Enquirer: 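I have a structure here, written as structure tokens, and I will follow up with some questions on it.
Values below: every heavy atom of this structure, side chains too, minus hydrogens, waters and symmetry copies. Owing to the predicted nature of the structure, the values given are computational and were not obtained by experimental measurement. Numbering of residues begins at 1 and proceeds along the displayed sequence.
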Amino acid sequence: MEEQDQDYQYWISRKVKISEEFNELRQIKVQKLEELDKEKRVYENNLKHIEELKLRIQELKDQLNDRIPSLIMSQTSKESLLNISAPIYSSYKNKPLQRLDTKEHTIAPDETKSDEISDNIFEYFFILGSRLNSNDPQTIFCLPENNIFAEGPQGRVLGNFAFPVSGTKTRKIKEKQLMEELNKIHTSKLERDGKHFVFSVKSDIEKAPSKNRERANHKRDVLYCCCVFVDEFSEVFEEGYGIQNRCYCLLSYLPCFELLFKLLFSVIKMKIDAEHQLIKSASLDDYEFKKTFQIILRGDFYNKIREYLEVYMGKKHSPSECPELDFKYSFPNNISEFDIMWYCPLLFSLITVNDFWYLLFAILQEASVIFLSQNLDYLSSCVLGFQGLIRPFSWPHLITPILPLSLLDILEAPVPLLAGIPKNSQYISKKKLSNLIFVDLDAKNIEKRLQKPLVATTELYVPKQKLEALVDNYKAFSHGPCYHPRSEQVKACRKIFQSINTYIKGLFKSLPEIQNDPSEDLANVDDVIQVLSEQSIEEPGFNNTFFNTQMCINYIEDFYFHKNSISSRKTLASEYSLS
């Protein structure tokens, strides 16, 4: 009888166990079916997206085919597609010019205001680093998730510009060093100190240009990338942990760098504080501590970053639209000086006034200038600073504030370029690049940082008489690298910019007006240049060279181009620009 009871109990337990296993398998089946259904929806969405891309590609092909005949038939004054220096449109030819007094082109207050609120504070956020067993920079986290930019060519190479020398590096520490390293990360300072920088990339997304030609990036074809570097625990080894230097990056069409960096510093501090608090509250028990530490390694605190930044996503740079900030920030009245006040105090403190004057006129004559330094903030401030100082003109050739070492071959390209290279000058073959101007920003003697071309292909004209406001105010920057300008340095920087801007605009005092049908495109550039040359008495050597540069010709074309036209024109150089 006891044996029967035991058998009965055995088969009952087996039945219960089989029933439990059956229920577990049924749950797994339901879960798999849900996953299969989800994958099916993703697959269908991908197919739909592919069809949309095919239609878009066909539209672009049709547009290109429509443009080819006009491009073939159009005449350029230099007869070369590599140097499109005359208006692309044949209707420009032989238009009569009527010389009138030049009108000062100012920006109406409502235009400035509308521009101020038309750009978002930022468009995208990235955390860049590397995965296990790799030094190649990749996207660890981004907002918005699965955005078009991240999946495009520019988004995929962001890491190469953020880590331009040798990719990411992971250093190993032993377990006994863990708390010491955590404290170092928690107490690290977040401020502008040369470790963080700005670079720029061409945007794939077409946006309407700004009415305000005086502001930086008025064509809205460039995204500024503000980078802050932070040590993070990335992986666990058998004998310890891995710490990786990762890049937190905000991308914006508007160079409101002070606000963008303060946002980055704030969100990083919030994450570091939360992680530190979690570690402090963890049990001293080894198992519990490691379990808590896994939460950090998994990146669970990235969700806090998402919650923090989503409040600001899609918000305009305006006191009325921007959510309440947890740090001090004053919205500037003049957005045209955004980039100048960030870059130029550091730029002025890195080179002498004589070298600055030479470089300014070399760039206006489209000479190639290469800045060298291991400090990436130096490079971006010099390259983008000079780009801002020559407004309303725009550098039309290759420009990249940070050129990754993997792309150094570009230096041998037969086109003008303005670039920063994150390496000491001894690694650059200057003999092979003897026609370039080099500026070694790491040289201890500031008087010897500029190296003029060893072989001059064209003559550069530099006025002997410097601007009085430049000389007087440049003295404020003679005390070493200026990351945080004092009030008197801010005023000096503004006066220097205004004096240069007045000088550059003065070159076009005699820009002729044209009377004709407003529905047509307007001018013959060669005739405009002739008028300018005839009426420019001072510095004829520089003026004749400058009026025939691509940047000057582009400016003249844009000046006379009908405002309501939706046609867009790009030079061959800008198609390949890295910035």
Side-chain angles (χ1 to χ4, degrees), residues 107 112-113 115-116 119 121-122 191-194 196-200 210 212-218 222 224-228 250 252-265 317-319 322 325 327-351 353 356 359-360 363 375-394 401 420 467 469-470 472-505:
I107 306 301
T112 304
K113 185 177 180 182
D115 260 358
E116 181 181 351
D119 282 311
I121 296 172
F122 69 91
E191 61 181 10
R192 189 181 185 187
D193 56 4
H196 319 302
F197 65 98
V198 179
F199 68 91
S200 55
S210 162
N212 183 358
R213 291 174 58 90
E214 299 294 319
R215 59 160 277 187
N217 196 26
H218 82 277
V222 166
Y224 296 99
C225 310
C226 297
C227 299
V228 173
L250 279 175
S252 174
Y253 289 103
L254 194 65
C256 48
F257 300 125
E258 182 186 353
L259 175 57
L260 293 173
F261 275 103
K262 283 185 174 181
L263 264 179
L264 283 170
F265 292 154
H317 184 271
S318 166
C322 181
L325 300 167
F327 49 81
K328 290 183 180 180
Y329 177 72
S330 300
F331 288 87
N333 295 322
N334 187 357
I335 63 173
S336 66
E337 294 181 356
F338 262 155
D339 56 333
I340 298 298
M341 303 314 295
W342 182 266
Y343 299 133
C344 288
L346 184 55
L347 164 61
F348 297 152
S349 68
L350 294 174
I351 53 179
V353 66
F356 172 82
L359 290 169
L360 176 65
I363 290 169
N375 184 316
L376 302 184
D377 199 0
Y378 284 6
L379 297 178
S380 62
S381 293
C382 287
V383 173
L384 297 177
F386 271 112
Q387 183 189 38
L389 287 169
I390 64 173
R391 282 201 301 272
F393 303 104
S394 177
L467 299 175
L470 170 66
D472 291 343
N473 289 283
Y474 211 91
K475 298 172 185 176
F477 303 96
S478 59
H479 305 292
C482 181
Y483 291 113
H484 307 283
R486 302 183 302 274
S487 58
E488 61 269 23
Q489 290 174 318
V490 170
K491 291 177 183 177
C493 181
R494 183 170 287 115
K495 288 179 180 178
I496 292 173
F497 170 59
Q498 290 171 351
S499 66
I500 293 172
N501 193 251
T502 300
Y503 177 87
I504 290 176
K505 288 181 179 178

Enquirer: Any side-chain heavy atom of F338 sitting closer than 4.5 Å to one from R215?
Expert: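 When only atoms from C-beta onward are counted, R215 and F338 do not touch, as no gap falls below 4.5 Å.
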
Enquirer: Show, in sequence, the C-alpha distance, side-chain angles and deciding distance for M341 and F257, and conclude whether the side-chain contact (heavy atoms from CB on, under 4.5 Å) test is met.
Expert: CA-CA 9 Å; M341 303 314 295; F257 300 125; over 6 Å; no

Enquirer: Rounded at 0.5 Å granularity, tell me how far CG in L325 sits from CG in L259.
Expert: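 Answer for the CG-CG pair, L325 versus L259, is 6.0 Å.
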
Enquirer: Between S380 and F197, is there a donor-acceptor pair closer than 3.5 Å when you use the side chain of the first and the backbone of the second?
Expert: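 Between the backbone of F197 and the side chain of S380 there is no qualifying donor-acceptor contact (under 3.5 Å).
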
Enquirer: For C493 and F477: C-alpha separation, side-chain torsions, deciding distance, then whether side-chain contact (heavy atoms from CB on, under 4.5 Å) applies.
Expert: CA-CA 9 Å; C493 181; F477 303 96; 4.0 Å; yes

Enquirer: With rounding to the nearest 0.5 Å, note down the distance linking SG in C482 to CG in L347.
Expert: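 The distance works out to 11.0 Å.
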
Enquirer: Heavy-atom distance under 4.5 Å between the side chains of H196 and F265, does that happen here?
Expert: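 The answer is yes, as the side chains (C-beta and beyond) meet within the 4.5 Å cut-off.
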
Enquirer: Give the C-alpha distance, both sets of side-chain angles, the deciding distance and a yes or no for side-chain contact (heavy atoms from CB on, under 4.5 Å) between V198 and C225.
Expert: CA-CA 5 Å; V198 179; C225 310; 5.8 Å; no

Enquirer: Got Y378 and P481 here, is their nearest side-chain heavy-atom distance under 4.5 Å?
Expert: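 In contact.
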
Enquirer: Please round to the nearest 0.5 Å and tell me the distance separating atom NE2 of H317 and atom CG of L254.
Expert: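 CG of L254 is found 6.0 Å from NE2 of H317.
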
Enquirer: To the nearest 0.5 Å, what is the distance between CH2 (W342) and CZ (R192)?
Expert: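 That separation rounds to 4.5 Å.
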
Enquirer: I need the N473 CG to K491 NZ distance, nearest 0.5 Å.
Expert: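 Rounded to the nearest 0.5 Å, the CG-NZ separation comes out at 11.5 Å.
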
Enquirer: Should C344 and L389 count as side-chain neighbours, where that means a heavy-atom distance under 4.5 Å?
Expert: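 SC-SC contact between C344 and L389 confirmed.
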
Enquirer: Verify, without hydrogens or angle tests, whether N501 (side chain) and R391 (backbone) share a donor-acceptor contact under 3.5 angstrom.
Expert: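 Confirmed, N501 side chain pairs with R391 backbone.
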
Enquirer: How long is the straight-line distance from OG of S252 back to CZ of F122, given to the nearest 0.5 Å?
Expert: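 Going from CZ on F122 over to OG on S252, the span is 9.0 Å.
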
Enquirer: When you measure from the side chain of K262 to the backbone N and O of K328, does any donor-acceptor pair fall under 3.5 Å?
Expert: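 It does hold such a pair.
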
Enquirer: Evaluate side-chain contact (heavy atoms from CB on, under 4.5 Å) for Y474 paired with L467, printing each intermediate quantity in order.
Expert: CA-CA 11 Å; Y474 211 91; L467 299 175; over 6 Å; no

Enquirer: Just so I know, are the side chains of P401 and L379 near enough to count as touching, which here means a heavy-atom distance under 4.5 Å?
Expert: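 In short, these two side chains do not touch, never coming nearer than 4.5 Å.
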
Enquirer: Just so I know, are the side chains of Y343 and F386 near enough to count as touching, which here means a heavy-atom distance under 4.5 Å?
Expert: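 With C-beta onward as the side chain, the pair stays apart.
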
Enquirer: Which heavy atom in C227 sits nearest to a heavy atom in F199, and how many Å separate them?
Expert: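 Closest approach of C227 to F199, heavy atoms only: SG-CE2, 3.3 Å.
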
Enquirer: Check for a donor-acceptor pair, side chain of S349 on one end and backbone N or O of L346 on the other, with a separation under 3.5 Å.
Expert: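 Yes, S349 side chain to L346 backbone: donor-acceptor pair under 3.5 Å.
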
Enquirer: Apply the side chain to side chain contact (heavy atoms under 4.5 Å, CB included) test between Y224 and each candidate in L260, N217, L250; give the one that qualifies.
Expert: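 Considering L260, N217, L250, a side chain to side chain contact (heavy atoms under 4.5 Å, CB included) with Y224 is found only for N217.
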
Enquirer: State whether the side chain of Q498 and the backbone N or O of K495 hold a donor-acceptor pair below 3.5 Å, judged by distance alone.
Expert: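 The answer is no, because no donor-acceptor pair under 3.5 Å joins these two groups.
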
Enquirer: State, to 0.1 Å, how close S200 and V222 come at their nearest heavy-atom pair, and which atoms those are.
Expert: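 Here S200 and V222 meet closest at CB-CG1, 3.6 Å.
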
Enquirer: Hey, does F348 have a side-chain heavy atom less than 4.5 Å from the side chain of V353?
Expert: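 No, every pair of side-chain atoms sits at 4.5 Å or beyond.
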
